[in-house]
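A quick write-up on the structure given underneath.
Lettering follows sequence order; numbering is per chain, from 1.
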There are 2 protein chains.
Amino acid sequence: MNLANDAPLRPIDWIGGLDGYVDLIDQTLLPVEFKCLECRDVETIHDAICRLAVRGAPAIGVAAAMGVVLGVRWVDAANRDAFLGQVDRVCDYLGGTRPTARNLFWALDRMRNCARSRGDENIGEVRAALLTEARAIRDEDAAMCRAIGDTGQSLIPDGGAVLTHCNAGALATAEYGTALALMYRAHELGKRFTVYVDETRPLLQGSRLTAWELRRAGIDVVLICDNMAGHVMRTRGVDVVVTGADRIAANGDAANKIGTYGVAVLAKAHGIPFHVAAPSTTFDMGIVTGADIPIEERSPDEIRRGFGALTAPEDVPTYCPAFDVTPADLIRSIITERGIIEPVSSRTVADCVGAAGA
Amino acid sequence: MNLANDAPLRPIDWIGGLDGYVDLIDQTLLPVEFKCLECRDVETIHDAICRLAVRGAPAIGVAAAMGVVLGVRWVDAANRDAFLGQVDRVCDYLGGTRPTARNLFWALDRMRNCARSRGDENIGEVRAALLTEARAIRDEDAAMCRAIGDTGQSLIPDGGAVLTHCNAGALATAEYGTALALMYRAHELGKRFTVYVDETRPLLQGSRLTAWELRRAGIDVVLICDNMAGHVMRTRGVDVVVTGADRIAANGDAANKIGTYGVAVLAKAHGIPFHVAAPSTTFDMGIVTGADIPIEERSPDEIRRGFGALTAPEDVPTYCPAFDVTPADLIRSIITERGIIEPVSSRTVADCVGAAGA
């Protein structure tokens with residue numbers, strides 16, 4: 001992997017041909033250690049998604065697609081139906097990793113459809129087609145992120161201040177990011193601005209990942225604890241808030257990392273526009289409102305001993321949702337690779353994404 | 001120190017006579033280790049306040065008062081003026097520990113006045129009077145906290161849910177606490193309820209201290225990260241929010257642990273009453289509005305490596321305010337030992353506290 005600071009950050013890639021491997025940055029080690037995982041079987045990808053070595057809805061989608069290739073490339077199926085059965089089993093297995101990210105299921109559906117649509121080919125050709133499809137998912141995601149950055153960069157004010165939550169950056173995607181794509185493109189165009197980065201408890205994607213990748217690109221960062229966002233908005237001036245999303249319902253309600261909803265409420269109270277940046281693949285048009293988006297709950301020890309140290313009574317009950325839902329009426333606009341959705345409503349979402357989904 | 005669970009928690013006390021010592025719980029070690037510090041000189045008290053071994057505005061006031069006794073008890077002054085000069089130097093030294101807590105300066109002023117008011121006595125008698133005064137400050141604080149609990153416990157709904165931020169408990173005071181006094185009293189009266197406890201980054205007073213002391217008393221606790229408060233209010237139901245305060249301006253604007261302001265904004269957005277519990281000594285009637293309350297900034301490493309582990313790029317800039325100010329219009333009521341201030345305004349504050357301050 002190219003670690004030069006002036007190279008675009010590609011957190012996940014397929015290296016070589018069908019006998020190759022998935023190369024991904026182990027994000028659990030950042031920012032202390034920059035180390036890549038070579039994944040040569042689907043179990044390693046499954047584990048990497050579960051323990052957040054790869055995270056961020058688009059990157060999870062890419063990882064899962066490549067994981068399907070790893071899971072079926074050496075399968076010695078008796079016939080095409082048996083092979084498709086194995087594809088289904090691998091997709092189900094990978095679909096059990098995390099429940100909220102829309103892109104995970106979208107990517108797995110695409111891999112299933114890719115396999116099924118190749119009815120006339122032999123199994124070897126289907127395997128090759130699956131690798132091509134997984135690589136296409138990566139490349140398309142990178143292109144979508146660049147398009148999101150181009151579309152949304154005008155929202156980043158020269159000389160101003162932005163606030164973001166969690167990591168919707170290159171590390172969360174194939175390249176460039178979603179929310180951070182706006183900042184990368186604005187920076188490339190010569191704008192200078194400050195990004196307040198919420199550390200994002202419990203897993204600190206803001207302090208570990210966003211602060212790291214924005215500084216790598218030469219962008220000014222001020223790291224804060226999550227509970228400082230309101231005080232910063234009130235006393236220091238924040239011009240705009242931009243976050244990513246993990247799944248967006250047909251009415252524009254957006255699930256994203258826990259804490260996003262609170263930031264959106266604070267932004268509204270301070271008259272600061274709150275924007276979501278996400279590719280069209282993040283929309284789940286089969287879900288009418290955010291109330292139906294499943295919210296993953298994670299281990300109590302992510303709160304009680306998140307840094308290797310015990311920071312609470314060891315058996316204290318916790319509530320540890322990984323996501324929350326920001327209702328559409330708190331979202332000024334959603335920036336997609338197809339354009340900006342503003343105002344956010346069922347009609348404008350359908351106009352942009354299509355009633356049947358991405 | 002009595003560590004039995006059914007004994008009231010007294011985090012700071014003077015043990016013995018003038019040749020005795022200050023016994024205080026080292027709160028930096030909780031909840032992993034319950035250990036007391038025996039402080040026999042003013043430097044140890046100064047250090048304990050600076051590194052938050054003792055924290056919480058009322059407890060800081062008690063510690064500082066007792067620290068004055070430690071700082072002058074063996075002074076061999078040539079005359080009364082020289083002795084008073086030493087009292088002033090010790091008070092100035094202790095006043096430099098932390099800038100925001102009102103009770104620190106209030107307690108030091110009381111110790112200065114105590115020394116000055118004893119014009120006819122010899123230095124030995126003044127020393128004894130100072131110890132009596134420091135003990136009185138502790139005892140009065142304990143009595144105030146109990147009165148706050150009695151006054152405010154009716155706000156805690158039987159079968160309901162409360163949310164609190166930071167630690168305004170027994171550990172923050174001489175005994176019983178301020179915000180938590182309401183919960184202790186309600187629990188003693190047989191009410192059953194759940195307390196959502198914000199962990200309170202960066203120093204985790206919520207997870208380390210509040211969760212620990214509420215559970216010690218048998219009260220149901222659910223620990224959450226700070227950024228989950230909005231989602232909890234929206235999806236789980238919170239009936240009331242109660243926090244403490246470190247300094248309250250004459251118009252009712254209240255400085256408290258960073259993040260309190262954000263919680264107050266979220267409470268308003270969800271129609272949940274937000275109350276502050278604080279003794280009258282926390283009011284600073286010389287400060288007209290919260291804009292004039294000095295806000296302490298703490299070390300970047302409290303954010304970057306708060307748990308012994310590096311959780312951010314090691315040189316990333318941070319902003320680390322220890323407090324924020326919640327404007328009076330977000331505060332439904334202030335519960336004091338003298339009664340409940342509601343609505344909160346300059347007039348109602350003056351009616352309760354007195355125009356000249358506590």
Please tabulate, one pair per line, all N/O donor-acceptor pairs under 3.5 Å involving side-chain atoms of residues 263-272 of chain A, not counting sequence neighbours.
unit_1   : atom_1 : unit_2   : atom_2 : d
A:His270 : ND1    : A:Leu266 : O      : 2.7
A:His270 : NE2    : B:Tyr261 : OH     : 2.6

The interface call for A:Ala211 against chain B, heavy-atom contacts under 4.5 Å, is both
With respect to chain B, which residue among A:Pro300, A:Cys225, A:Pro202 yields the maximal number of heavy-atom pairs within a distance under 4.5 Å? A:Cys225
Highest number of heavy-atom pairs under 4.5 Å with chain B: which of A:Glu314, A:Arg208, A:Glu199? A:Glu199
A:Asn227 versus B:Asp226, closest heavy-atom pair with distance: ND2-OD2, 3.0 Å
Report, one line per pair, each donor and acceptor closer than 3.5 Å where one atom sits in a side chain of residues 238-249 of chain B; sequence neighbours left out.
unit_1   : atom_1 : unit_2   : atom_2 : d
B:Asp239 : OD2    : B:Ala161 : N      : 2.7
B:Arg247 : NE     : B:Thr100 : O      : 2.9
B:Arg247 : NH1    : B:Asp284 : OD2    : 2.8
B:Arg247 : NH2    : B:Pro99  : O      : 3.0
B:Arg247 : NH2    : B:Thr100 : O      : 3.3

For chain B, the option from A:Val222, A:Ile258, A:Thr200, A:Asp220 that forms the most heavy-atom pairs under 4.5 Å: A:Ile258
Taking every heavy-atom pair that is under 4.5 Å apart, which of B:Asp324, B:Val232, B:Val316, B:Leu209 has the most such pairs with chain A? B:Val316
Heavy-atom pairs under 4.5 Å with chain A: which of B:Ala229, B:Gly230, B:Ser207, B:Cys320 has the most? B:Ser207
Distance-only, no hydrogens or angles: does the A:Arg234 side chain make a donor-acceptor pair with backbone N or O of B:Val325 under 3.5 Å? yes
Leading residue by heavy atom contact count with chain B [cutoff under 4.5 Å; candidates A:Leu204, A:Leu310, A:Thr311, A:Val221]: A:Thr311
Residue pair B:Ala312 / A:Pro31: nearest heavy atoms and the distance that separates them: C-CG, 3.3 Å
Would B:Tyr319 and A:Met228 count as a side chain to side chain contact (heavy atoms under 4.5 Å, CB included) here? Give the steps. CA-CA 9 Å; B:Tyr319 173 54; A:Met228 297 169 186; 5.5 Å; no
Looking only at A:Ile224, A:Val197, A:Leu30, the option with the highest number of non-hydrogen pairs under 4.5 Å against chain B is A:Ile224
